[in-house]
Amino acid sequence: MSDLILAEAILAHVKAGGRVMDVLNNLAPIYAEGERYDLACCGPFAMPWRHDAMFRIIYEEAERIERGAWRGFGVESRAYVLLRMAELALQAVEGDFVECGVFRGGSALLAATALQNVGGGVRFHLFDTFAGVPEAGLTEAERAARIGGSFDDVSLDETRANLAAFADFLDFHPGFVPDTFAGAGVGKVRYAHIDINTGQATRACLEYLVPRLVDGGVVVLDDYGWPAYVDCKQVTDDYFAEMDLPGVMALHTGQAIYVHRADARRILNF
Ligand SMILES: C[S@@+](CC[C@H](N)C(=O)[O-])C[C@H]1O[C@@H](n2cnc3c(N)ncnc32)[C@H](O)[C@@H]1O
């Protein structure tokens with residue numbers, strides 16, 4: 001639907017005494033690969049990602065190093081989720097931080113900021129080609145969507161420089177995921193951010209990271225709810241079902257989160 005048609009529909013509805021949100025919440029859904037994606041908007045509620053002064057300082061630094069790449073839909077609320085989930089992960093008694101899909105380091109900066117005052121030898125492992133999404137392992141749909149080659153305007157040197165303030169506890173693992181997992185020295189994990197955009201790599205990340213999660217460890221999946229990355233949702237749902245673990249929780253930001261209980265068993269099955 002074009003913005004003009006949408007505006008006309010909203011105007012007609014409001015003139016008839018309706019509310020703007022009713023129109024937005026009832027727009028026709030999109031279907032991709034059998035998944036339903038609604039375009040619903042959320043009503044007025046507290047949005048600390050816009051007003052929390054400390055968050056704004058951290059976010060603006062992350063946005064700066066992303067050089068314009070963060071101007072897309074809903075990045076502030078996604079960044080807020082990441083920062084808060086990193087803080088939650090710090091309540092776990094042990095485990096490292098891991099991010100798969102780093103690009104220029106914006107999302108890593110958020111989690112590293114939460115981690116920086118904690119000490120205790122916690123490492124933050126960063127996995128990426130630092131040269132864009134590789135063509136290898138893409139599905140036909142991902143090739144058609146031209147996901148391969150995206151995010152290539154970056155280098156390892158640039159991301160290292162962007163995150164220089166945290167160098168003491170960062171471990172860079174440049175190269176193809178999952179190949180770089182071998183010998184990376186990742187032990188137990190308390191925080192994992194998976195933002196790698198493709199199904200096969202997302203599955204490999206889950207297989208590598210979930211068995212390493214400590215009690216109270218968290219996983220944030222950035223690509224879960226987006227029609228463009230439907231394979232990421234599929235492999236995630238498949239993985240948690242196969243492992244007989246409770247599924248992830250989809251958020252209205254497009255992310256999904258999983259909080260690990262060491263004694264987790266599937267108890268809900270919607
Ligand atoms: C959406 S970007 C990550 C954005 C980042 N989290 C941020 O804060 O801006 C996705 C990243 O995944 C990386 N990537 C995708 N597939 C990969 C693979 N198989 N191995 C290594 N890196 C991969 C790309 O190089 C790209 O930097």
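Note that these values count all heavy atoms, side chains included, but never hydrogens, waters or copies made by symmetry. In each ligand, atom 1 is the first atom listed, and ligand 1 is the first ligand listed. In what follows, residues are counted from 1 in the order of the sequence shown.
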How far is [atom] from the closest protein heavy atom, and which atom is that?
atom	answer
atom 14 (N) of ligand 1	I196 CG1, 3.5 Å
atom 1 (C) of ligand 1	N197 OD1, 3.2 Å
atom 4 (C) of ligand 1	D195 OD2, 3.3 Å

- Message: Whether the D195 and Y229 side chains hold a donor-acceptor pair (N or O, under 3.5 Å, no angle test) is what I'd like checked.
- Response: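 Checked: D195/Y229 side chains show no N/O donor-acceptor pair below 3.5 Å.
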- Does a donor on one side chain sit under 3.5 Å from an acceptor on the other, for T198 and Q200?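 No, no side-chain donor-acceptor contact under 3.5 Å.
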- State which residue, out of L163, D128, T180, fulfils the side chain to side chain contact (heavy atoms under 4.5 Å, CB included) condition with F172.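 The option that passes is L163.
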[X] heavy atoms, cut-off 4.0 Å: which ligand 1 atoms fall inside?
X	value
F176	19 (N), 20 (N)
T129	20 (N), 21 (C), 22 (N), 25 (O)
G101	3 (C), 5 (C), 6 (N), 11 (C), 12 (O)
G175	20 (N), 21 (C)
E66	7 (C), 8 (O), 9 (O)
V102	5 (C), 7 (C)

- Query: Between V133, D179, V177, T180, which one has a non-hydrogen atom sitting closest to atom 18 (C) of ligand 1?
  - Reply: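 Heavy atom nearest to atom 18 (C) of ligand 1 belongs to V177.
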- Query: Considering only heavy atoms, which of S107, P134, A136, C100 lies nearest to atom 8 (O) of ligand 1?
  - Reply: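 Going through S107, P134, A136, C100 one by one, S107 has the nearest heavy atom to atom 8 (O) of ligand 1.
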- Message: If you count every heavy atom of other residues, nucleotides or ligands that lies below 6.0 Å from R50 atom CZ, does the total exceed 12?
- Response: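 Not buried by this count: 12 neighbours or fewer within 6.0 Å.
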- Query: Has M243 got more than 12 heavy atoms of other residues, nucleotides or ligands less than 6.0 Å from its CE?
  - Reply: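 It does: M243 CE has more than 12 such atoms within range.
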- Message: If we check side-chain hydrogen bond (donor to acceptor under 3.5 Å, both in side chains) with R104, which of these qualifies: N162, T159, D153?
- Response: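 Considering N162, T159, D153, a side-chain hydrogen bond (donor to acceptor under 3.5 Å, both in side chains) with R104 is found only for D153.
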- Message: If we only consider heavy atoms of D128, is any one of them less than 4.0 Å away from an atom in ligand 1?
- Response: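 Yes.
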- Message: Cation-pi check for Y208 against R212: NZ or CZ below 6.0 Å from the six-membered ring centre and within 45 degrees of the axis, yes or no?
- Response: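 Checked: cation-pi criterion met.
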- Message: Taking 4.0 Å as the limit for heavy-atom contacts, which would you say applies to W70 with ligand 1: side chain only, backbone only, both, or neither?
- Response: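 Under 4.0 Å from ligand 1, W70 contributes side-chain atoms alone.
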- Which is it for V154 and ligand 1 at heavy atoms under 4.0 Å: side chain, backbone, both or neither?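 For V154, no heavy atom sits under 4.0 Å from ligand 1.
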- From CG (L88) to OH (Y191), nearest 0.5 Å: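 Here the rounded value is 11.0 Å.
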- Heteroatom distance test (R104, ligand 1): nitrogen or oxygen, under 3.5 angstrom: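 N/O-N/O distance under 3.5 Å: no.
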